[in-house]
Amino acid sequence: MKLFTTKQIAEIDKFTIENEPVADIDLMERAAMQVSNWLVFRFTTEQRMLFFVGPGNNGGDALAIARQMADFNFWCEVFLLDLGKELKGSPAINWRRLEKQGKVKLAKISKLDEFPEIEPTDVFLDGLFGSGLTRPLKGLPAEIVGKINELPNTVVAIDVPSGLMGENNTGNNFESILKADFTLTFQFPKISFLFAEHEKFTGQWEVLPIGLHPGGIKKTPSDVVFVEKEDVEKLFPARSKFSHKGTFGHALLIAGSYGKMGATVLASKGCLRAGTGLLTAHVPRLGYSIIQTAVPEAMVSIDPHDLMFTEFPDLLPFSAIGIGPGIGLKNNSQKALHELIEKAEVPMVLDADALNILSEDLGWLKKLPVNSILAPHPGEFRRLVGDSENSWERIEKQRKLAKDYNVIVLLKGAFSSIATPDGKLYFNSTGNPGMATAGSGDTLTGIILGLLARRIPPADAVVAAVYLHGLAGDLAAAEKSETALIAGDVIDFLGKAFLEVG
Ligand SMILES: NC(=O)C1=CN([C@@H]2O[C@H](COP(=O)(O)OP(=O)(O)OC[C@H]3O[C@@H](n4cnc5c(N)ncnc54)[C@H](O)[C@@H]3O)[C@@H](O)[C@H]2O)[C@H](O)CC1
Ligand SMILES: [K+]
């Protein structure tokens with residue numbers, strides 16, 4: 001799914017109104033009905049619904065929802081924020097419709113003292129501000145938000161939690177952003193919902209389709225993609241009956257050192273499960289019997305050093321190279337990594353210690369084969385490019401790194417993001433907190449390597465690998481719980497994940 005800025009969403013909104021065509025007020029009614037249908041199944045008519053209504057269309061939505069919910073026999077009360085201006089357009093029409101219906105108590109709030117008496121079971125609906133927010137909240141709106149945040153009641157935000165910007169929240173006043181338990185957002189997730197520090201504002205968010213015009217969505221350009229099943233399905237070429245091992249390539253994995261051979265085992269298994277034809281794992285001497293025993297499907301190339309990576313085999317047979325998990329930072333290994341980068345001609349995926357080594361001198365990134373992949377977690381990313389004030393700034397740095405060095409940068413996190421040199425940005429939609437566990441990243445590196453070895457174009461390989469890794473983790477958590485989840489489970493469920501994206 002393409003993701004848009006709130007400005008672009010307003011344009012698609014306008015396109016829909018003109019080309020469907022549909023009257024503004026009817027589109028609002030449609031959006032409101034989606035929210036009402038959601039609320040009806042979530043709450044009971046014993047609970048009061050208190051609507052906090054702002055001056056724009058977000059408020060208009062709230063007024064329409066209040067009327068619809070009253071028709072569903074819910075007790076609804078409306079509190080219109082009185083900012084000294086009359087309602088206009090569709091919000092004004094919805095106010096009159098409520099007056100005519102006569103089932104909902106209507107009040108205005110012009111100062112904080114007028115905040116209503118509440119019961120703990122009351123549900124708050126936030127229709128103060130949505131995607132039209134232009135600046136941080138202050139004055140009365142900020143006070144109302146502050147008051148709502150102090151109370152224990154369940155809060156449902158309409159479209160966007162009031163006060164949160166749709167994209168960049170640098171410089172926003174975090175004290176005056178509404179903290180919702182649920183956010184019901186229209187048609188597209190807003191980009192700022194994908195940043196960890198905003199979870200406390202959005203709560204659980206859900207996308208409600210409101211039938212925006214497909215033509216408008218198609219013609220609006222966007223470099224940002226929220227990766228879902230249909231985006232991944234199309235990346236896999238069908239396997240021909242006449243395929244043989246060579247068709248699916250030969251991966252070289254360089255991983256592990258004394259005390260860290262588990263990283264090699266996990267990455268190897270991930271790689272094999274991702275469908276590589278052949279895998280050679282290059283390991284220090286001490287790792288020989290470990291790999292032969294734990295991963296009999298892999299061939300082993302043995303380093304002359306007992307404990308660490310110091311040399312690599314002839315690169316000719318390999319269609320992709322993965323390096324990093326558990327290799328350590330010793331000088332010999334650093335030197336060998338640099339030599340490998342000089343010689344390699346097939347796409348590489350670099351992770352963990354390989355990235356820590358390259359952080360010392362980013363000049364090496366320029367020498368990587370084109371479209372190689374860096375797969376840092378936030379700590380490794382910081383070592384590469386320095387501190388970031390927030391997720392937005394981190395993403396900007398990620399995109400710049402990808403462009404400047406012609407590499408694909410995968411930043412691992414809750415919604416892992418992938419930046420490509422041509423300026424595209426992907427956010428992954430799968431995965432769960434249980435996957436923040438030892439060896440999870442090694443497994444992912446293996447999966448990426450396996451897809452790369454199959455000669456799937458590097459950007460597609462990363463997007464698909466991250467999605468499948470997350471999906472396997474979700475399937476595993478459903479059976480084993482997030483708490484008990486270990487990296488090996490993700491590998492075990494990778495087959496089921498592949499079946500789902502068939
Ligand atoms: N395409 C859709 O998704 C649809 C969205 N709908 C709803 O419309 C809102 C966006 O409405 P809009 O009128 O553009 O903006 P808001 O209601 O968010 O508020 C804008 C209003 O407030 C003023 N303002 C902006 N910032 C501030 C501030 N910091 N302090 C005070 N006032 C501020 C601004 O000048 C405007 O007057 C979207 O979220 C959906 O809920 C449609 O109903 C259906 C289609
Ligand atoms: K809102």
Side-chain angles (χ1 to χ4, degrees), residues 3-20 22-36 50-65 68 79-94 124-145 148-149 155-167 169 171-173 175-190 192-193 201-203 205 207-214 216-217 220:
L3 290 186
F4 299 101
T5 62
T6 45
K7 195 163 160 264
Q8 287 176 311
I9 294 173
E11 283 161 18
I12 299 172
D13 200 11
K14 192 160 164 268
F15 184 96
T16 303
I17 289 168
E18 284 164 10
N19 293 276
E20 187 177 320
V22 55
D24 185 73
I25 183 77
D26 294 334
L27 181 60
M28 187 174 274
E29 191 70 13
R30 197 152 89 193
M33 191 48 88
Q34 288 289 66
V35 176
S36 296
L50 306 188
F51 291 80
F52 294 90
V53 176
N57 286 327
N58 195 246
D61 292 343
L63 296 173
I65 297 163
Q68 292 167 358
F79 301 91
L80 175 68
L81 200 62
D82 187 0
L83 298 172
K85 283 194 206 140
E86 288 294 301
L87 287 179
K88 291 190 296 229
S90 297
I93 296 174
N94 272 316
F124 294 171
L125 275 295
D126 161 38
L128 290 170
F129 298 96
S131 57
L133 188 80
T134 50
R135 54 197 184 278
L137 297 183
K138 55 179 199 199
L140 184 61
E143 284 169 10
I144 301 281
V145 163
I148 292 174
N149 285 349
V155 182
V156 181
I158 302 165
D159 200 23
V160 182
S162 292
L164 187 72
M165 304 285 174
E167 298 85 38
N169 280 273
N172 200 344
N173 178 5
E175 297 304 308
S176 46
I177 302 176
L178 180 126
K179 290 182 179 149
D181 297 287
F182 302 96
T183 297
L184 305 177
T185 200
F186 296 135
Q187 195 90 27
F188 310 102
K190 312 304 177 262
S192 62
F193 293 7
F201 305 122
T202 61
W205 54 264
V207 176
L208 302 182
I210 58 167
L212 291 183
H213 198 292
I217 297 171
T220 308

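Ligands are counted one by one from 1 in listed order, and the atoms in each one are counted from 1 as well.
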### Query
Rounded to 10 degrees, what angle sits at the K ion (ligand 2) between V160 O and S162 OG?
100°
### Task
Among all protein heavy atoms, pick the one closest to atom 27 (C) of ligand 1 and tell me residue, atom and distance.
R135 NH1, 3.6 Å
### Message
Using modelled atom types and a 3.5 Å cut-off, is there a donor and acceptor pairing between side-chain atoms of N149 and backbone atoms of K179?
### Response
yes
### Query
Which heavy atom of the protein is the closest neighbour of atom 3 (O) of ligand 1, given with residue, atom name and distance?
F186 CB, 3.6 Å
### Task
Quick one: the OD1 of N58, the K ion (ligand 2), O of I158 angle, rounded to 10°, please.
80°
### Pair K190-T185, side-chain hydrogen bond (donor to acceptor under 3.5 Å, both in side chains): steps then yes or no
CA-CA 8 Å; K190 312 304 177 262; T185 200; 2.9 Å; yes
## Note on the structure
For E167 and F4 the tightest heavy-atom approach is OE2-O, 4.3 Å
### Summary
Under 4.0 Å between heavy atoms, the region of D159 that gets near ligand 1 turns out to be side chain
#### Entry: 4.0 Å protein heavy-atom contact status of atom 35 (O) of ligand 1, strictly under
no
### Query
If you measure from each heavy atom of P136 to ligand 1, is any distance below 4.0 Å?
yes
### Message
Below 3.4 Å, can you find an N, O or S atom of G54 next to the K ion (ligand 2)?
### Response
no
### Message
Within this structure, what is the CG-CD distance for the pair L212 and E20, rounded to the nearest 0.5 Å?
### Response
9.0 Å
### Summary
Nearest non-hydrogen protein atom to atom 20 (C) of ligand 1, with distance, is G132 O, 3.9 Å
## Note on the structure
Quick look: V160 vs ligand 1, heavy-atom contacts under 4.0 Å, and the answer is neither
### Query
Under 3.4 Å from the K ion (ligand 2), is there an N/O/S atom belonging to D126?
yes
### Task
Considering the heavy atoms of L137, write down every atom of ligand 1 situated less than 4.0 Å from one of them.
29 (N)
### Query
So, does N58 use its side chain to make a donor-acceptor pair with the main chain of I158 at under 3.5 Å?
yes
### Query
Counting backbone and side-chain atoms alike, does G130 have an N/O/S atom under 3.4 Å from the K ion (ligand 2)?
no
### Task
From the options D13, L133, N57, select the one whose nearest heavy atom is closest to atom 5 (C) of ligand 1.
D13
### Message
How close do N173 and L137 get, counting heavy atoms only, and between which atoms?
### Response
ND2-O, 4.3 Å
## Note on the structure
Of D61, T134, N58, the residue with the heavy atom nearest atom 26 (N) of ligand 1 is T134
### Message
Out of S131, S162, G130, who is nearest to atom 10 (C) of ligand 1 when you count heavy atoms only?
### Response
S131
### Query
Looking only at heavy atoms of Q187, does any of them come nearer than 4.0 Å to an atom of ligand 1?
no
### Message
Closer than 3.5 angstrom, by distance alone: can the side chain of N172 be matched with the main-chain N or O of P136 as a donor-acceptor pair?
### Response
no
### Query
Looking at atom 44 (C) of ligand 1, what's its closest protein heavy atom, distance included?
A31 CB, 4.1 Å
### Message
Can you tell me if, anywhere in P161, an N/O/S atom lies at a distance from the K ion (ligand 2) that is smaller than 3.4 Å?
### Response
no
### Query
Would you say E175 has more than 12 foreign heavy atoms packed within less than 6.0 Å of its CD?
no
### Query
Going by the angle between their ring planes, with limits at 30° and 60°, are F52 and F79 parallel, tilted or perpendicular?
parallel
### Message
Looking at non-hydrogen atoms alone, which of F15, F4, F129, F188 comes nearest to atom 23 (C) of ligand 1?
### Response
F129
### Query
Under a heavy-atom criterion of less than 4.0 Å, does P55 contact ligand 1?
yes
